[in-house]
Amino acid sequence: MNNTEKTMDKIIALCKGRGFIFAGSEIYGGLANTWDYGPLGTRLKNNVKDAWRKRFIQERRNSYEVDADILMNPRVWEASGHVQSFSDPLLDCKECKMRFRADNLIDDFDPSAHADGLTKEQMFQYIKDHHIPCPNCGKHNFTDIREFNLMFQTYRGVTNDAKSIIYLRPENAQGEYVNYPNVLRSMRTKLPFSIGQIGKAFRNEITPGNFTFRTIEFEQMEFQTFCKPGDDLDLYAYFKEFGKKFFEDLGLPAENLRFHDHEKLAHYAKAACDIEFLFPSLGWGEINGTHDRTDFDLSRHQEYSGQKLEYIDPFTAERYIPYIVESTYGLDRTVLALLCQAYDEEVVDAEKNDVRVVLHLNPAMAPIKAAVLPLSKKLGEKAMEIRDELAKSFMVEYDETGSIGKRYRRADEIGTPFCVTYDFDSETDGCVTIRERDSMEQVRIPISEVKDYIASRVQF
């Protein structure tokens, strides 16, 4: 199936039924657009994190990971501009009283319009000129567009006053920026160098939705490269392609990925581009943003903190504020993209209406690497010994319930790349049958070789 033939409803049903993603606080009726990752979803998410760390931190030179606190000094958000201008353009339907983001109304009506390049006035005029209807009631009777700040605000201490206001971070990047001098000093590094971070961020979205694509709590994989002015555009071009290759290696094919260069740039940006993925039902959606942020961030933090953030070139003694090339990866959106891409329905026998549901996940991303299946429950003890030995190296499932065919299908449905069957011949020949998920081909190998056989095929 190609992505335009799939439906998000089927993918959501699979996620809920097989332990990938559940509605948040479900037994209490849920909380709109919050989602909990189940056992398999958590493992898939961690596999993506591990792949990102390997590619961006471990394999790259002069790359360092930090884990900054979610709560930061509120002056950080004044310096970054979030307190003054981090807002959504919202308008209300006068008929049904529902509230919507103006840019989302335009993009849903005409994805080619790219509302991110329009001012508030231009968005309102576009909605008016094209008579865009309310998605809820179908009427066209909207209020003017107003700006609503997206940061969650809370208070530190026991008194709720202006001096005790703090914010849940709306992005991770500021944690890398304020730690720039600490990493530079402690790691004895030189430009260019990078700081990465994986962590939660929070945005008080009024109109989130589309499963885990847009939520009020989400996780980002941030990567900031600090460089000499003049080297920034080359690094920007490099990280655009580096990011696309990363997604392809995770399992997203090139034909379902595209670059969207920003027509209108933020005042601090020199260049900006998104990588978009073709989601079933939703269409093209951003999963990465790469930006040349110039020296804006460090200059602002130097101004607001009073601390010198200049870099002194060890060879020329030249002083300057480093430029930053940012490449941000939405972890939740990446997981959703992998699930959407991997989902497939294969007709095994048309006459019997036999359809195999399978997740063609990259084996390195699959939550469970192998399922150990005794042909009979009588063989369970020996099969469990194999399971326990394999579990020392990777995630393994044991399943002895139902026919072997049904157990294969259950493994296919959650993306398990290999099934290891222990049968009655295994008792005498010391071998097992390994069945591969995608081709369904089977090979018989000695039990002693199973771990290496699987391990060599699930590496990222």
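On a predicted model such as this, the values are computed, not experimentally measured, just so you know.
Within the structure, every pair that satisfies the salt bridge (Lys or Arg N to Asp or Glu O under 4.0 Å) test and touches residues 273-286, not counting sequence neighbours, is listed here: Arg258-Glu276. Identified under the salt bridge (Lys or Arg N to Asp or Glu O under 4.0 Å) test for residues 319-330, with sequence neighbours left out: Arg293-Glu326, Glu310-Arg319. Judged as a salt bridge (Lys or Arg N to Asp or Glu O under 4.0 Å), not a single pair has a partner in residues 451-460 (not counting sequence neighbours).
Between the side chain of Gln442 and the backbone N or O of Thr433 there is no donor-acceptor pair closer than 3.5 Å. Listed for the Arg437 side chain is a donor-acceptor partner under 3.5 Å among the backbone atoms of Gly415.
No option in Phe246, Phe223, Phe56, Tyr329 other than Phe223 meets the ring pair (Phe, Tyr, Trp, His ring centres under 6.0 Å) test with Phe239. The salt bridge (charged side-chain N to carboxylate O under 4.0 Å, His left out) test with Asp412 singles out one residue from Arg435, Lys406, Arg407, and that residue is Arg435.
Applying the side-chain hydrogen bond (donor to acceptor under 3.5 Å, both in side chains) test to Glu436 and every residue at least two apart in sequence or in another chain returns Ser439. For the salt bridge (charged side-chain N to carboxylate O under 4.0 Å, His left out) test, no residue two or more places apart in sequence or in another chain qualifies with Arg156. Legend: residues meeting ring pair (Phe, Tyr, Trp, His ring centres under 6.0 Å) with Tyr311, ordered by chain and number and at least two apart, are Tyr320. Qualifying salt bridge (charged side-chain N to carboxylate O under 4.0 Å, His left out) partners for Arg18, counting only residues two or more places apart in sequence or in other chains: Glu413. Arg55 is linked by a salt bridge (charged side-chain N to carboxylate O under 4.0 Å, His left out) to Glu59, Asp249, counting only residues two or more places apart in sequence or in another chain. Judged as a ring pair (Phe, Tyr, Trp, His ring centres under 6.0 Å), and not counting sequence neighbours, Phe152 has no contacts. Evaluation of the ring pair (Phe, Tyr, Trp, His ring centres under 6.0 Å) rule for Phe277 yields Phe279 as partners, not counting sequence neighbours. With sequence neighbours left out, Asp107 forms a salt bridge (charged side-chain N to carboxylate O under 4.0 Å, His left out) with no residue at all.
The pair Glu219-Lys45 meets the salt-bridge criterion, with a side-chain N (NZ, NE, NH1 or NH2) lying under 4.0 Å from an Asp/Glu carboxylate O.
Side chains of Ser327 and Thr290: a donor on one and an acceptor on the other come within 3.5 Å. Judged purely by distance below 3.5 Å, without hydrogens or angles, the side chains of Asp232 and Thr294 never pair a donor atom with an acceptor atom. At a cut-off of 3.5 Å, with distance as the only test, a side-chain donor of Thr421 or Tyr408 sits close to an acceptor on the other residue.
Remark: Lys240 is positioned above the aromatic ring of Phe259, its terminal NZ or CZ atom under 6.0 angstrom from the ring centre and at most 45 degrees off the axis.
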Counting only pairs under 3.5 Å, give me each side-chain donor-acceptor contact of residues 382-391, with atom names and distances, residues two or more places apart or in other chains.
residue	atom	partner	partner atom	Å
Glu389	OE1	Lys392	NZ	3.2

